[in-house]
Structures are given as C-alpha cells and as structure tokens.
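Have a look at the structure below, then the notes.
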Amino acid sequence: MEILSHAITASASAKLSLPRNDNVHRRLVGCRHGFSYLNFRTLRSQRGRRIFSKVQCSQQSSNNSIDFSDPDWKSKFQQDLERRFNIPHITDIFPDAQSFPSTFCLRMRTPVNEDFAEGYPSDEEWHGYINNNDRVLLKVINYSSHKSAGAECIDPNCTWVEQWVHRAGPREKIYFKPEEVKAAIVTCGGLCPGLNDVIRQIVITLEIYGVKNIVGIPFGYRGFSDKDLDEVPLSRKVVQNIHLSGGSLLGVSRGGPSVSDIVTNMEERGINMLFVLGGNGTHAGANAIHNECRKRKLKVAVVGVPKTIDNDILLMDKTFGFDTAVEEAQRAINPAYIEAHSAYHGIGIVKLMGRSSGFIAMQSSLASGQVDICLIPEVPFRLHGPHGVLRHLKYLIETKGSAVVCVAEGAGQNLIEKTNATDASGNIVLGDIGVHIQQETKKYFKELGIPADVKYIDPTYMIRACRANASDGILCTVLGQNAVHGAFAGYGGITVGICNTHYVYFPIPEKQVERLRAALKSLIMAVATFVGDVVYSTSPINKPRLSLAKASTTAFVVRGARQVIIL
C-alpha cells in the first residue's frame, strides 16, 4: 500500500507507525502487559554427549512507568489496560446517537415447531444478547513464580492482575437502521483459505439484520479509486456456495489510494459500514479510514477481520486459514519424504509460509512426523560450521540415508543478500531461503565427494488458494457474524478475534502492536519442552531475550532416532 502507507504514517498515532523489519524476531520486543523474557543458555556436554538447552526466565517489566512501591499500582495498571483496550463507539463522536431495538432477534425468525406457532418467546426471555459490560479474561493462568514455564509476570512477585477485553456478540440495542445501511466488504493483501467463508457469513448476517444494500469492493482498496472496477452487489443468493471454493470472490490486491480519497469515495457511494478482511497493513489502512471518518464526523462503522495465515497475532488463539495451511502442508512434506527416502542419499527440502513466525513450519513438522530439521525465523542458525545445518545433514545421510528439511520463508534471511525492495504493502521482499539451502546443500556434498539427490518443493501458492477446511470454516463463520454484530452495536476501529476460546473485540492499534510481538510466539517452549533424544542449539549464548507467549505449545518433537534440530 505505497500511497496508503504514507497517509497512515502521517495521520495515525505512534502506535500505527509500525516499522517494517523482517528481523523483528531478533529484537527485544517489550510488552506493556509485563511479559517475562527468555534467556537461552546452552549447556554443551563434552565429546558428543547429549546437548541440552536450559531456559532461564528473568523477570523484567517492560513498562518502566510502573512504580511497584505504589500500593495502588495494580489498580493503575488495570486502568491503563482498560484505556488501551477500550473500543471506539459511535457515541464518542455523536453523544446523542439514537439506539434501536435489535433486529437480530427471535421475532424475525419463522417458527419451525408447533410449540412456537404463536411466535417465539420474547427477547427478554430469550437471553441471547451480550451485555456491553461483558468481558473476557486476556490471561487465564495465575503463575506462582516467574520461574514457572511460560511465566508472564507483571511484577517481580508475579502478582495476579485481572486483564479484561470486550466480549463479542449481538447487542440488544443497535445504532444503525438496517434499511439505511449500505455495507461494503473489501479483501486485501494475499490470498488465504477462508476468505470466501468470511464474506459469505458477513452477507448472511447483514441480511438477518435486515440490510438490503450490500456490495463488495473489487480488488482491495484499489476498488475505491479505479473507475474501471464496479462494486459487486452481494446477497445470500450470490454468496450461498462461495465457501466451497478457495480464493476471494471479490479479488485481492496490495496498495491503493490515499485514505482521504477512500473516505471521500465512501461518502459518494453512501457506505456507512465497511468490513475489511486483511493483514497488518490492511488493518493499518482500516484504522486510518476509521480515524478519518471520525475526523469528518461521519457515522461510519469500520470493522476488521484479521487475515494472517501465519497465525502471528499474539493475543488471539488462532487466525483463520492457519489450520488449513498446516493440513495442506502435509501434502508437500509427505512427497518430500518419499522422494528423499526412495533416493540414494536423498534430501527433501520444503519451504512453507512464515515471514516472522514459524508456526506453519513448526506445526506441520510436528504433524507429519517425517521432518528431520525445522528452521524458523525466531531462531538464528548457521549453514556451515561444526554445528551448522549442512554438517547435521551429512550426519543424517551417514546414519539413516536420507533427510527432510522444513523451512519457513522468513528463516535465515541474514544468510541471503538483501535487496531492500518492498512490495506495495511496504513488506520487505524476502530472499528465497529454500532455493539458497538447496544450492548450498548441493555444493556442500559435491565438495565432500558424497553423492546427494536434493529435491526442493515450494507449495506456497497451492496452500494459499485452497478452500478452508472444517475447522477454519467454523472459525470464519463466527468471525464474520461477530464483525456484523460489532458494527450494528455502534463500534468502529475494531477487529474481531478469538481469545481463550471466546470471541472478543480488540481496538485495531492494539492488534497491530501485538502483531510485532508475535514474531516470536512460535518459539514457545522450544527448548523447555520436548520429547525424545536431542535438541541442538547453536544460537549465540548472548542472543537477545525473546518475548515469551504461549507456553502450551511444544515447538519441536524428537521421535525415536529422528532428531529435530533447533539451530
């Protein structure tokens, strides 16, 4: 979003001016929640004995403004958290905005049972609405010590502090009359399994509310400025079966016009609800559009649905498309294993998605049980040297005759010459680490005089274009429905997600800040929790401390004689 990015930087707050840095996983990313940090100390035994990595948790609060000697620091911390996670409402700009009884109610349904021949129970008896004061716990584990695995402590004593976020769902009062709503849906960035599922559910839920005027903006934000692109009328009939196909009914693109031009175009079209499906850059654009609408005092609800196949948003349990990606990645890993296992000194290399986090590569490796080496962006590694990847490949060839390597696209970027090129969204164009490893592997074994049959598979576009599996389909359905509930409830500048198994609303700026922190979250317990023989680590002892997130995730599994290596 070349043009859009400039507008965002100029108009948004400091929180939104996020640095584009694919090496963000090597930085110390502080957290105002007070996350603990990991220091990795490698304890190497002598003469080839087992190597173990030990995790030492050092407690440090990233919010230096907290005075723990203040007896009221807990309440002040909670107040600050409540302020940060407060979600914008239409009454912030229009204090006298009128509310109406929700049209998402039982009386709008046709009775399907003789017991309800005279109509469903009243909404008061239904108890199907969410109260505006309902909250969901952001953190659910009360750690007794900062030495506990995965401990996230705010103060040195690991004091329990309740942290709450807004619960998603239908409200009893709405702030838009359905007959006056023109809703628009836009999909930006790259493809991801589940886009059509979200579009479908947004349209269906809007119709349940009574909205008749629903349109799709073709090809991302570009559709607001390109006169050759007409908006696409949407209805239940149009979207009924689109979830059976991958891709996006509306098309996707990166970049787009300025925020001011987008809002002006929305005014001209009469759009007062905008649903934005996209990643970090797209959400930055959505938040800038929301702020511009508030600046112009327009009664517009802008709601985002996060689309990141990499699953790299820290506060959310999962993002749509991830489960499908892990499942489909098996279709690439298994052929790589068969090719390697069937060849003399065969080596299969599979490159999967993951710019800053290795969730897809990590969980695909765990699920397949066929991967020997898994390389992720969070952990620096070497190709050459006594503890390098190539040396370990030689060991695998000598001991078991074949090997399979799974690498995330953002891993090992320090090994590739940088071009400093960026795409239309401002993302740094990554070097092809998969091809680089393939070439270096061939060169290494040729120099040793050892025959090696190296096969390289990159299924990226095959995975992105798949239709969502059942798990993602359910997630997309609920996300789409809750996005509409949020808009009708009068909220804007929000994104919807799942947190601790409950659906919640986050203010978009917090979602973006957490995206940066999540560059490290797939490393969780990579060293502290493993099963089997050996976990190798050749990372520097004094490497930067890493932000600890989900402690329930086991990063790598060693099965039998099979070794999974962290380099």
Side-chain angles (χ1 to χ4, degrees), residues 11-13 15-16 78-105 123-124 128-136 138 163-184 202 205-206 208-211 213 259 262-264 266-267 269-276 283 285-305 481-497 499 502-512:
S11 63
S13 66
K15 289 182 182 177
L16 286 177
Q78 288 176 315
Q79 290 170 7
D80 177 67
L81 189 87
E82 185 176 353
R83 176 189 58 78
R84 285 173 47 214
F85 284 91
N86 182 53
I87 51 181
H89 194 267
I90 200 169
T91 54
D92 299 340
I93 303 299
F94 303 98
D96 299 326
Q98 184 180 0
S99 63
F100 314 94
S102 177
T103 52
F104 188 86
C105 55
D123 292 314
E124 290 76 13
Y129 293 117
I130 301 298
N131 190 289
N132 284 335
N133 294 320
D134 285 358
R135 298 291 186 270
V136 173
L138 193 61
Q163 304 173 48
W164 303 95
V165 290
H166 290 256
R167 185 184 178 195
R171 266 57 175 178
E172 190 171 1
K173 298 293 182 181
I174 60 177
Y175 285 83
F176 290 88
K177 291 183 178 180
E179 62 272 16
E180 297 177 356
V181 169
K182 180 176 182 180
I202 289 176
T205 308
L206 285 168
I208 291 174
Y209 270 97
V211 179
N213 196 356
V259 172
I262 291 177
V263 175
T264 298
M266 289 172 60
E267 279 191 271
R269 301 188 190 204
I271 295 172
N272 54 5
M273 277 191 189
L274 178 63
F275 299 95
V276 181
H283 271 69
N287 196 64
I289 292 168
H290 164 73
N291 289 333
E292 181 67 17
C293 289
R294 288 166 72 92
K295 180 180 176 182
R296 300 188 189 187
K297 295 191 180 301
L298 302 177
K299 188 181 178 183
V300 177
V302 181
V303 179
V305 179
Q481 190 172 94
N482 279 312
V484 178
H485 292 324
F488 266 101
Y491 297 116
I494 63 171
T495 191
V496 60
C499 176
H502 295 280
Y503 291 87
V504 299
Y505 296 132
F506 291 115
I508 290 178
E510 285 302 324
K511 176 263 180 193
Q512 290 181 285

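If you read the sequence from its start, that first residue is 1, and numbering goes on from there. What you see is a predicted model; the values in this text were computed from it and never measured. Heavy-atom basis, side chains included; hydrogens, waters and symmetry copies ignored.
- Judged by distance alone, the side chain of Asp92 and the main-chain N or O of His89 form a donor-acceptor pair under 3.5 Å.
- In this structure, the separation between NE2 on His166 and CD on Glu82 is 7.0 Å, given to the nearest 0.5 Å.
- Classification of the Tyr505-Tyr491 ring pair by plane angle, with boundaries at 30° and 60°, yields tilted.
- Between the side chain of Asn291 and the main chain of Asn287, a donor-acceptor pair closer than 3.5 Å is present.
- Crowding of Lys295 atom NZ: a count of heavy atoms from other residues, nucleotides or ligands under 6.0 Å not exceeding 12.
- Judged by distance alone, the side chain of Arg167 and the main-chain N or O of Val165 form no donor-acceptor pair under 3.5 Å.
- Here the OH atom belonging to Tyr209 is positioned 7.0 Å from the CD1 atom belonging to Ile174, to the nearest 0.5 angstrom.
- Contact annotation: the side chain of Ser99 never approaches that of Arg171 to less than 4.5 Å [non-hydrogen atoms, C-beta and beyond].
- To the nearest 0.5 Å, atom CG of residue Asn86 and atom CG of residue Leu81 are 11.0 Å apart.
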Assess the residue pair Phe488 and Val211 against the criterion (side chain to side chain contact (heavy atoms under 4.5 Å, CB included)); give the C-alpha distance rounded to whole Å, side-chain angles, the decisive distance to 0.1 Å, and a yes or no. CA-CA 11 Å; Phe488 266 101; Val211 179; 3.4 Å; yes
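- For the pair Ser102 (side chain) and Glu172 (backbone), a donor-acceptor distance under 3.5 Å is absent.
- Judged by distance alone, the side chain of His290 and the main-chain N or O of Ile494 form no donor-acceptor pair under 3.5 Å.
- For Ala286 against Ile508, the heavy-atom pair with the smallest separation is CB-CD1, 4.1 Å.
- Between Cys499 and Val504, the closest heavy-atom pair is CB-CG2, 3.8 Å.
- Summarising the geometry of Pro88 relative to Gly493, their closest heavy-atom pair is CD-O, 4.3 Å, with the distance given to 0.1 Å.
- With values rounded to the nearest 0.5 angstrom, Thr495 atom OG1 is found 11.5 Å from Ile87 atom CD1.
- The CE atom of Met266 sits 8.0 Å away from atom CG of Leu298, with the distance rounded to the nearest 0.5 Å.
- Here the closest heavy-atom approach between residue Ala97 and residue Thr91 is recorded as CB-CG2, 4.3 Å.
- Remark: Lys182 pairs with Glu231 by the side chain to side chain donor-acceptor pair (under 3.5 Å) rule, at least two apart or across chains.
- Going from atom OG1 of Thr205 over to atom CZ of Phe104 covers 6.5 Å, rounded to the nearest 0.5 Å.
- The two residues Ala183 and Phe275 come nearest to each other via the heavy atoms CB-CE1, 4.1 Å.
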Using side chain to side chain contact (heavy atoms under 4.5 Å, CB included), reason through Asn272 and Val181 one step at a time and then give a plain yes or no. CA-CA 6 Å; Asn272 54 5; Val181 169; 3.7 Å; yes
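- Partners of Arg296 under the side chain to side chain donor-acceptor pair (under 3.5 Å) rule, at least two apart in sequence or in another chain, are Ser260, Thr264, Glu267, Glu292.
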The test is side chain to side chain contact (heavy atoms under 4.5 Å, CB included); show your working for Leu206 and Met273 and say whether it passes. CA-CA 10 Å; Leu206 285 168; Met273 277 191 189; 4.2 Å; yes
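- Gly169 and Ile130 make their closest contact through CA-CG1, 3.6 Å (heavy atoms, listed as atom of the first residue, atom of the second, distance).
- Judged purely by atom type and a 3.5 angstrom limit, Lys299 has no side-chain atom pairing as donor or acceptor with the backbone of Phe176.
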